[in-house]
Amino acid sequence: LLEGTVTEFLWMNPHTWIFLEVTDADGRAMVWALEGASPTELTRDGWARDDVEVGDRISVRCHQLKDRSDGCLLGFLTPEGGVEKEGD
């Protein structure tokens with residue numbers, strides 16, 4: 001589970017991207033790149049373009065990259081005080 005602040009949200013084909021600033025166990029800030037489904041697929045799943053905006057605090061469950069770098073395939077996203085949505 002990652003929690004952080006959205007620094008950028010790209011609603012584009014072929015995949016959407018969320019850049020999330022998170023704080024690691026040592027208190028250092030880092031930005032994770034989260035790859036989501038296409039805008040068409042997300043819209044079919046009930047998403048709207050403005051569901052995620054820069055500055056939003058969110059938590060995500062995702063599949064980290066094989067090389068363990070700061071990125072993942074987005075699985076589920078929960079906005080602060082909101083309802084979890086599927087992202088892939």
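Since this is a predicted model, take the numbers as computed values, not measurements.
Within the 3.5 Å criterion, the main-chain N or O of R28 finds no donor-acceptor partner in the side chain of D26. S38 contributes no side-chain N or O that, together with a main-chain N or O of N13, makes up a donor-acceptor pair within less than 3.5 Å.
Screening residues 74-85 for side-chain hydrogen bond (donor to acceptor under 3.5 Å, both in side chains) gives D51-K85, R61-E84 as the qualifying pairs, with residues at least two apart or on separate chains. For residues 1-46, the set of pairs meeting the disulfide bond (SG atoms under 2.5 Å apart) definition, not counting sequence neighbours, is empty.
Minimum heavy-atom separation, T7 to E21: CG2-CB, 3.8 Å.
Through direct or relayed side-chain contacts under 4.5 Å between Ile, Leu, Val, Met, Phe, Trp and Tyr, M30 connects to L2, V6, F9, W11, I18, L20, V22, W32, L34, L42, W47, V52, I58, V60, L74, L77.
The line from NE2 of H15 to CG of L10 is 13.0 Å long, rounded to the nearest 0.5 Å.
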